[in-house]
Protein chains: 2
Amino acid sequence: MTETDAPRRRSDATRAAILAAARERFAADGYERATVRAIAQDAGIDPSMVMRYYGSKEGLFAAVIDVELVLPGLAEIPVDDVGTVLVGHFLDLWEHDSVLQTLLRVGVTNEAGAERMRGVFSGQILPLAERFVVTRADAARRAALVASQVLGMALVRYVLRFGPAAQMSRADLVAWVGPTVQRYLTAPEP
Amino acid sequence: MTETDAPRRRSDATRAAILAAARERFAADGYERATVRAIAQDAGIDPSMVMRYYGSKEGLFAAVIDVELVLPGLAEIPVDDVGTVLVGHFLDLWEHDSVLQTLLRVGVTNEAGAERMRGVFSGQILPLAERFVVTRADAARRAALVASQVLGMALVRYVLRFGPAAQMSRADLVAWVGPTVQRYLTAPEP
DNA sequence: GGTGTTTGCCAACGCTTGTTGACCAACGTA
DNA sequence: TACGTTGGTCAACAAGCGTTGGCAAACACC
């Protein structure tokens, strides 16, 4: 998804600085409040450079969310631990990579962000659910339930910052939420 | 919270039209993209009227989110049904009142919206949780978990509009999510 | 019926936004 | 050393934003 072996240019450092600043601003402020001027200032360059290298603000945003986002393979872990392991992986992803934070902040008001979020859902959670049930419709429902709990957890903990949710230890969170995800994936339909 | 017996003015209809238009716009577009001009056009009046009656865009937003938001009393229902009943109430609230949609859309990027959201949490879900456990810290954790699941459900269903989540029937949703909430409220600590 | 207040529109302000093009310095190559 | 290419700044643009003040019509009251 991301470019790998392009010819090295002298401006690569600038490009990277812009991208890094954009990541932080979009993740912290959402699409509208993250201005091109602010991003450029963070990157220590002129706003016009953003346009030169990314075409437009929308193009810059597209570059920010155009990253591989993969949950570690859950194939080899015991079936009974899928819930807790998945929750742990999601917490890691959330805390060490700003792209999910960006997608959530932006996806709530911006259609491109929402579309990308749906893409992550279809590409990561849906295939996971399909390994546990037979019908495609059932898998879709279960994946949606998993997404609701996992995104809801991130929402109250990292975005809305509800006190209790932000203060819960990682272990507590896994112990509480893991079984929910486990049930959504493996329990018989109610 | 809302004014009740003020002297009736001739402009009450206009005030109401502005408020109604603002509710829809804020709920649909979030704070930044809901412009005063667009709201005024929806209400069929001049943008300057918004300033006259609500002081500023921020004042208008404050008026929009300044509404009583109460979950129906859950005191008289059987303890074992708390989860399913609560989820049902939340779905009703979400579909018949735009204020929660507004708060979620805005709260993700706007601190005033987030603060109001935390207020709803503290005023509605926290007291509920305190009826089921003894220590205040435990209640806070459980309330946060309930909020994460319930808001996450709303997020994927009404805001991000994940296909499977949006298409699930109300009955299915209650049957799947109800037990999760029930467990968060009444299960012993893991 | 005259007078003061309310309701509404209009035009404009000052500011910020994304975006553009002119221009200069540094570099690579012959 | 000369020259085309690349990297970068600067100043400005048009558009949109929230916001303001003035003015005309409609109303309320004596």
Side-chain angles (χ1 to χ4, degrees), chain A residues 3 5-65 102 105-106 109-113, chain B residues 3 5-65 102 105-106 109-113:
Chain A
E3 295 278 340
D5 47 358
R8 293 210 184 279
R9 278 160 307 200
R10 200 154 33 102
S11 59
D12 281 352
T14 302
R15 287 183 141 86
I18 294 174
L19 209 56
R23 260 195 279 270
E24 285 188 28
R25 283 282 177 178
F26 280 130
D29 298 339
Y31 187 82
E32 339 281 345
R33 304 189 17 176
T35 68
V36 171
R37 283 174 156 88
I39 292 168
Q41 181 164 351
D42 289 358
I45 46 89
D46 191 85
S48 62
M49 305 301 288
V50 175
M51 315 308 297
R52 179 175 301 186
Y53 293 137
Y54 295 96
S56 65
K57 181 181 182 179
E58 224 173 315
L60 175 60
F61 177 69
V64 166
I65 62 175
T102 303
R105 277 240 162 73
V106 173
T109 48
N110 179 296
E111 182 50 29
Chain B
E3 295 278 341
D5 48 359
R8 295 207 183 280
R9 277 158 309 198
R10 205 156 26 105
S11 59
D12 281 351
T14 302
R15 288 182 141 87
I18 294 174
L19 209 57
R23 261 195 280 269
E24 285 187 29
R25 283 280 176 178
F26 280 130
D29 299 338
Y31 188 81
E32 340 280 344
R33 304 187 19 175
T35 68
V36 171
R37 283 173 155 87
I39 291 169
Q41 183 165 351
D42 288 359
I45 46 89
D46 192 86
S48 62
M49 305 302 288
V50 174
M51 315 308 296
R52 168 125 60 190
Y53 293 134
Y54 294 95
S56 66
K57 181 181 183 180
E58 226 173 312
L60 175 60
F61 177 70
V64 165
I65 63 176
T102 302
R105 277 241 162 72
V106 173
T109 48
N110 179 295
E111 182 50 29

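Per chain, numbering begins at 1; letters A, B, ... match sequence-line order. Computed from a prediction, not measured in an experiment: that's the story for all the values here.
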Between C1' on C/dG8 and CG on B/Asp12, what's the gap in Å once rounded to a whole number? 15 Å
For A/Tyr53 and D/dG8, give me the distance from atom OH to atom C1', rounded to whole Å. 7 Å
Indicate, with a heavy-atom threshold strictly under 4.0 Å, whether B/Ser48 touches base, sugar-phosphate, or nothing. base
Among the nucleotides C/dC9, D/dT19, D/dG7, which one has an atom lying closest to any side-chain atom of A/Met49? D/dG7
Proximity to the side chain of B/Lys57 - top-ranked nucleotide from D/dG8, D/dG18, C/dG18: D/dG18
Taking the nucleotide of DNA chain C with the nearest heavy atom to each, does A/Thr35 or B/Asp46 sit closer to the 5' end? B/Asp46
Starting from C1' on C/dG8, measure out to CE on B/Met51 and report it in whole angstrom. 16 Å
Looking at every strand, decide which applies to B/Tyr54 at a 4.0 Å heavy-atom threshold: base, sugar-phosphate, or nothing. nothing
Evaluate the ring planes of A/Tyr31 and A/Phe26, with Trp represented by its six-membered ring, and classify them as parallel (under 30°), tilted (30 to 60°) or perpendicular (over 60°). parallel
Check whether B/Tyr54 reaches the backbone of B/Ala62 with its side chain - one donor and one acceptor, N or O, closer than 3.5 Å. no
Tell me the interatomic distance from A/Arg15, atom CZ, to D/dG7, atom P, rounded to whole angstroms. 7 Å
Quick check: are there more than 12 heavy atoms from other residues, nucleotides or ligands sitting under 6.0 Å from CD of B/Glu24? no
Go through C/dC9, D/dT19, C/dT19 for me and flag the one nearest to the B/Val36 side chain. D/dT19
When rounded to the nearest 0.5 angstrom, what is the spacing between CD1 in B/Ile39 and CZ in B/Arg23? 11.5 Å
Selected nucleotide, minimal atom distance to B/Arg37 side chain, candidates C/dA12, C/dT17, C/dT7: C/dA12
Hey, does A/Leu60 have a side-chain heavy atom less than 4.5 Å from the side chain of A/Val50? yes
Interatomic distance where CZ belongs to B/Phe26 and C1' belongs to D/dG18 [whole Å]: 12 Å
Please evaluate the base of D/dG7 for a donor-acceptor partner in the side chain of A/Arg52 within a cut-off of under 3.5 Å? yes
What's the CD1-P distance between B/Ile39 and D/dG16, to the nearest Å? 17 Å
Under 4.0 Å, heavy atoms only, any strand: does A/Ser56 hit a base, just the sugar-phosphate, or nothing? sugar-phosphate
Atom CZ of B/Arg33 and atom P of D/dA15: how far apart are they, to the nearest Å? 21 Å
